[in-house]
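Okay, so here's the structure we're looking at.
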Amino acid sequence: MTAFPDVQKITYEGPDSKNPLAFRWYDENEIVEGLTMREHLRFSVCYWHTFRANGSDPFGAPTMLRPWEDGTDSVDNARQRVRVAFEFMEKLGAPYYAFHDRDVAPEGSSLAETNRNLDAVVEVLKEEQQRTGVKLLWGTANLFSNPRYMHGASTSCNADAFAYAAAQVKKCLEVTHALGGENYVFWGGREGYQNLFNTDMKRELDHMGRFMHMAIGHAEKIGFDGHFLIEPKPKEPTKHQYDSDAAACINFLRAYELTDRFRLNIETNHATLAGHTMMHELDYAGYQGLLGSIDANTGDLMLGWDTDQFPTNYYLTTEVMLMLLKYGGIGPGGVNFDAKVRRESFEPIDLFHAHIGGMDAFARGLRIAAAIRADGELSQFVQQRYASWDAGIGADIESGKADFMSLEAYMLEKGEIDANQSGRQEMLEHLVNRYF
Ligand code: XUL
Ligand code: CO
C-alpha cells in the first residue's frame with residue numbers, strides 16, 4: 001500500500017529546475033564549510049502538524065480528509081499512520097522526525113492503557129526507523145491538551161497534575177530513549193498564568209525547577225544522555241508563558257542549576273511573538289553556549305498569534321544559518337519544521353510542496369550564509385568596529401586589569417575619547433543584498 005503513489009523520491013535538480021517536486025538548492029551531499037548539507041541542516045518532520053493536523057479551526061470543521069485515515073482514534077489507525085509518515089519522510093529525504101507522545105498514539109481510559117497504546121505504536125516506529133534509516137530528533141510529552149492540565153502541568157496548583165505529568169514524561173523519556181532519540185524537548189504548554197491574583201509565581205517556578213531535576217534524575221537512571229531542550233514562547237495558550245523568551249529560559253536554567261543538561265530549542269514564530277527576531281534569539285542563546293535546536297517556521301507579521309507557517313523567505317533563512325554557522329552548527333539538534341500547511345491546502349501533495357519549499361529555503365540560506373562568511377567582509381567590519389578593545393585601555397578592561405580609579409586617571413589625562421566611527425548600517429544591509 002502506498003499513500004503517495006504519484007510521488008517519487010524527491011531529488012536535487014538545480015536552480016533552473018521548474019519541477020515543483022524537486023529541490024533547487026538542497027543537494028544533500030554537497031559540501032559546505034566542510035560538511036554535507038544533510039549534516040548541516042539535519043531536517044526534521046514534525047508528526048503533530050504533518051500527520052495530525054486536519055485543517056479544523058475555531059470556525060470550522062476539518063478540511064484535510066486524509067485517504068489513509070479510517071476516521072477512528074484507534075491504535076490500529078495510529079499504527080497505519082506511522083507507515084504513511086515514514087513513506088512521506090523517505091520520499092522527502094528528511095533524516096529526522098519529532099513527536100509528542102499523544103500525536104503518535106491515542107490516550108486510553110487509564111494511564112496504564114495509554115502507556116500500552118504508546119508501546120504498540122512505538123513498535124511500528126522502531127520497525128519503520130530501521131527500514132528507512134530515518135531517526136528521531138526528539139520526543140516530547142503533550143502536557144497541555146488534556147483538561148487535567150488546565151492549570152498547567154509541573155506548575156499546576158494541583159499536585160496531582162504534577163504527579164501525572166511526571167508519570168507521562170517518565171514514559172515519554174523511556175520511549176524516546178528506546179527509539180534512539182537524540183534530544184528531549186519541553187515546550188511550556190500551559191506552564192504560565194492567566195492572572196496573578198490567583199497565582200503563586202515563586203511556588204510554581206520552584207515546582208518546575210524540581211520537575212526538571214526529576215527528569216535529569218530519570219534520564220541518568222535509564223542511560224539517556226541526550227540534551228534536554230526548553231522551547232521559549234511568550235504567550236498562547238496562557239496570557240504569560242513562564243518560558244517567555246531565550247533570556248527568561250536561560251535565567252530559569254541558571255536559577256535552578258540546570259545549564260549542564262539543558263539547551264534551548266528556538267522557534268521562529270515564538271521569537272516574533274516575543275517581540276524579537278529569530279536572529280536575536282539565536283545569538284542570545286548561542287553566545288551563552290545554550291543553543292540546542294531550532295523549530296523552523298514563520299509567523300505572519302500582520303497577526304499576533306502562532307500561525308506556524310512554512311518558512312520560504314531567504315532573508316530569514318540566511319540570518320538563521322549565519323547564526324547556526326557562527327555557533328558551530330546545530331547538531332545534535334536539528335532544523336525541525338514545526339509548521340503546518342494552511343487549512344485551504346488540504347491535499348496530501350501540499351505536504352510535499354510545503355516541506356520542499358522549506359528545505360530549499362534553508363539550503364539557499366545556508367549557501368548565502370557560507371558565501372558571506374567566505375568573503376569575510378562583514379566579519380572584518382565587525383572586528384574592526386571593536387578594534388579599540390584589542391589593545392591599550394580596552395584590553396586592560398577586558399582582562400580585568402583596569403578599575404574605576406585607573407579609568408578615571410586615564411580619562412583625566414586624555415581629556416576626551418577617541419572619535420567615534422559610523423556604524424554603516426545601510427552600507428552593510430546593501431552589502432548583504434549582494435549575495436542574494
Ligand atoms: C507550540 C509548539 C510545540 C512544541 C512542542 O507552540 O511549538 O509544538 O514545539 O511541544
Ligand atoms: Co515548536
Side-chain angles (χ1 to χ4, degrees), residues 42-54 57 96-105 107 136-146 149 152-155 165 168-169 171-173 175-176 181-192 208 211-212 215 226-246 248-249 262-274 276 278 281-282 285 291-300 303-311 320 330 333-341 354-355 358 362:
R42 299 171 60 85
F43 286 127
S44 158
V45 170
C46 87
Y47 208 91
W48 53 102
H49 287 317
T50 300
F51 304 109
R52 300 314 308 276
N54 60 19
D57 70 11
Y96 289 97
Y97 73 110
F99 66 73
H100 299 83
D101 48 1
R102 302 301 176 251
D103 315 325
V104 288
E107 202 156 355
L136 179 60
L137 184 65
W138 48 263
T140 188
N142 177 330
L143 305 176
F144 44 90
S145 294
N146 192 291
Y149 297 126
S154 71
T155 66
Q168 200 179 321
V169 169
K171 178 70 183 173
C172 191
L173 199 51
V175 157
T176 299
E182 298 183 24
N183 305 270
Y184 185 88
V185 164
F186 288 100
W187 162 59
R190 294 181 193 274
E191 315 291 28
M208 189 154 86
F211 195 91
M212 298 311 178
H227 284 151
F228 284 105
L229 303 173
I230 293 206
E231 183 176 319
K233 181 175 183 179
K235 54 188 167 189
E236 195 192 28
T238 70
K239 164 199 168 75
H240 177 90
Q241 303 276 120
Y242 286 135
D243 298 332
S244 52
D245 64 0
C249 288
F262 277 75
R263 299 276 181 280
L264 301 189
N265 181 37
I266 307 281
E267 178 165 330
T268 320
N269 201 173
H270 297 177
T272 307
L273 294 176
H276 302 307
M278 181 64 167
E281 290 289 84
L282 294 171
L291 176 55
S293 199
I294 70 169
D295 269 6
N297 62 18
T298 192
D300 183 324
L303 304 174
W305 65 89
D306 201 9
T307 56
D308 284 339
Q309 289 165 242
F310 275 85
V320 172
I330 196 63
V335 174
N336 175 54
F337 288 109
D338 191 354
K340 62 184 174 220
V341 291
H355 284 85
F362 265 87

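Residue numbers count from 1 along this sequence. When a ligand or atom number is given, it counts from 1 through the structure's own listing order.
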Please say whether D308 places an N or O atom under 3.5 Å from an N or O atom belonging to ligand 1. no
Judging by distance only, is a nitrogen or oxygen of D338 under 3.5 angstrom from one on ligand 1?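 Yes, there is a polar N/O contact under 3.5 Å.
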Would you please determine whether E236 falls within less than 4.0 Å of ligand 1 on a heavy-atom basis?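 No, E236 has no heavy atom closer than 4.0 Å to ligand 1.
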How are the rings of W138 and W48 set to each other: parallel, tilted or perpendicular (split at 30° and 60°)?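 W138 and W48: tilted rings.
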Over 60° means perpendicular and under 30° means parallel, so classify the ring planes of F43 and F362, tilted if in between. perpendicular
For the Co ion (ligand 2), give me the closest N/O/S atom belonging to D295, just the atom name. OD2
Could you identify the N, O or S atom of E267 positioned closest to the Co ion (ligand 2)? OE1
Taking the Co ion (ligand 2) as the apex, D338 OD2 and E231 OE2 span an angle, rounded to 10°, of 160°
Looking at T238, D245, D243, which one forms a side-chain hydrogen bond (donor to acceptor under 3.5 Å, both in side chains) with Q241?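 Checked T238, D245, D243 against Q241; only one passes side-chain hydrogen bond (donor to acceptor under 3.5 Å, both in side chains): T238.
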Give the atoms of ligand 1, by number and element, whose distance to some non-hydrogen atom of D295 is under 4.0 Å. 9 (O)
Taking 4.0 angstrom as the limit and counting only heavy atoms of D306, give me the atoms of ligand 1 inside it, by number and element.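 Ligand 1 atoms under the 4.0 Å threshold to D306: 6 (O).
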Y47 and H100: aromatic ring centres closer than 6.0 Å? no
Taking the side chain as everything from C-beta on, heavy atoms only, tell me whether T268 gets closer than 4.5 Å to P311. no
Verdict with reasoning, N297 to D338, per side chain to side chain donor-acceptor pair (under 3.5 Å): CA-CA 6 Å; N297 62 18; D338 191 354; 5.0 Å; no
Nearest-contact summary for atom 10 (O) of ligand 1 - protein heavy atom, Å: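 The protein heavy atom lying closest is H100 NE2, 2.7 Å.
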Minimum distance, heavy atoms only, to atom 4 (C) of ligand 1: which one of H270, E231, E267 is it? E231
Looking only at non-hydrogen atoms, find the nearest pair between S44 and L137 and report the distance. CB-CD2, 3.6 Å
